[in-house]
Amino acid sequence: MSFIVLVLVQVLVLNHIHLFDCATPLIYVYLAIPMRRDYPRWGVLLWCFSIGLCIDIFSNTPGVAAASMTLIGLLQPYLLSMFILRDSPDDLLPTYKTLGVTKYIFYVLMIVIVYCLAFFTIEVFNFYNSLQWAECVGGSIIVTSILILALENLVKRR
């Protein structure tokens, strides 16, 4: 259900928002964040690739979101392990409660930074206008992180 909602919100609303002509909110990255620790890696890769492919189909970005989300799916278990204790339960679900607020914010930031770097680097595919690239990456990191943290706060309250 969240897969469909994230794709629809991104395609119908957020793809049309470009703050200062550089910052685009990329809410679908949230799909990779709450994956349980014991979730199979092939499953994480499959879900991430699938949402990236759907975004590519509806946003006319051929392969950019799919490649970037697949990278996030590949790195997500390793990024999560940086913020949890070794003796944490296998079915740990990364949230504010389980990781703590500070660790959760850094976990979200790491995933969003890696995603935005990959996405905008693949999209531009050169560093000719490196200032605009840096503005797009930095602005999208800020907007996406704030949106994901707000979404997690809403989900937590339900």
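Starting from 1, each residue takes its place in the sequence as its number. As the structure is a prediction and not an experimental result, all values here were calculated from the model.
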Yes or no on side-chain contact (heavy atoms from CB on, under 4.5 Å) for Leu147 and Leu151, after CA distance, side-chain angles and deciding distance?
CA-CA 6 Å; Leu147 207 61; Leu151 179 64; over 6 Å; no
For Val7 and Tyr28, what are the C-alpha separation, side-chain angles and deciding distance, and is it a side-chain contact (heavy atoms from CB on, under 4.5 Å)?
CA-CA 7 Å; Val7 170; Tyr28 56 93; 5.8 Å; no
Derivation and outcome, side-chain contact (heavy atoms from CB on, under 4.5 Å), residues Ile51 and Trp47
CA-CA 6 Å; Ile51 197 164; Trp47 279 111; over 6 Å; no
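In this structure, the separation between CZ on Phe120 and OG on Ser140 is 3.5 Å, given to the nearest 0.5 Å. Of the inter-residue distances, the one linking Ile141 atom CD1 with Leu109 atom CG reads 8.0 Å to the nearest 0.5 angstrom. The distance from atom CG of Leu6 to atom OH of Tyr30, rounded to the nearest 0.5 Å, is 8.5 Å. Between atom OG1 of residue Thr102 and atom CZ of residue Phe83 there is a gap of 11.0 Å, rounded to the nearest 0.5 Å. In this structure, the separation between CG on Leu154 and CD on Glu152 is 9.5 Å, given to the nearest 0.5 Å. Considering CG of Leu80 and CE of Met110, their distance stands at 12.0 Å, rounded to 0.5 Å.
Contact annotation: the side chain of Leu31 approaches that of Phe3 to within less than 4.5 Å [non-hydrogen atoms, C-beta and beyond]. By the 4.5 Å heavy-atom criterion applied to side chains, Ile27 and Thr144 are not counted as neighbours. Residues Trp133 and Thr121 are in side-chain contact: their nearest non-hydrogen atoms beyond the backbone lie under 4.5 Å apart. Side-chain contact between Val143 and Thr24 is absent, with no heavy atoms from C-beta onward closer than 4.5 Å. Between Thr70 and Leu74, the closest side-chain pair of non-hydrogen atoms is not below 4.5 Å.
Under a 3.5 Å cut-off, the side chain of Tyr104 and the backbone N or O of Thr98 do not form any donor-acceptor pair. With hydrogens and angles ignored, the 3.5 Å screen pairs a side-chain donor or acceptor of Gln10 with a backbone N or O of Pro25. A donor-acceptor pair is defined here as one N or O able to donate and one able to accept, closer than 3.5 Å; such a pair exists between the side chain of Tyr96 and the backbone of Leu149.
Each of Ile113, Leu117, Ile142 was compared with Val137 under the side chain to side chain contact (heavy atoms under 4.5 Å, CB included) criterion, and only Leu117 meets it.
Linking ILVMFWY residues whenever their side-chain heavy atoms come closer than 4.5 Å, directly or via other members, leaves Ile146 and Phe119 in distinct clusters. Both Val29 and Leu8 are part of a single hydrophobic cluster, where members link through side-chain heavy atoms under 4.5 Å apart. Residue Leu26 is grouped with residue Val5 when hydrophobic side chains (ILVMFWY) are merged at heavy-atom distances under 4.5 angstrom, including chains of intermediate members. By the criterion of side-chain heavy atoms lying less than 4.5 angstrom apart, applied directly or through intervening Ile, Leu, Val, Met, Phe, Trp or Tyr residues, Ile84 is grouped together with Leu79 in one hydrophobic cluster. Put simply, Trp42 and Ile72 are part of two different groups of oily side chains (I, L, V, M, F, W, Y) that touch within less than 4.5 Å, one to the next.
Residues Ile33 and Gln76 approach most closely at O-NE2, 4.1 Å, considering heavy atoms. Between Val11 and His16, the closest heavy-atom pair is O-NE2, 3.6 Å. Nearest heavy-atom pair across Ala66 and Leu53 is CB-N, 3.8 Å. Looking at every heavy atom in both residues, Met69 comes nearest to Ala32 through CE-CB, 4.4 Å. What you find for Ala65 and Gly52 is that their closest heavy atoms are CB-O, 3.6 Å. Of all heavy-atom pairs between Cys48 and Gly73, the closest is SG-CA, 3.6 Å.
At most 12 heavy atoms of other shown residues, nucleotides or ligands fall within 6.0 angstrom of atom CZ in Phe58.
Remark: Arg41 qualifies as a cation-pi partner of Tyr78 under the 6.0 Å distance and 45° angle criteria applied to the six-membered ring.
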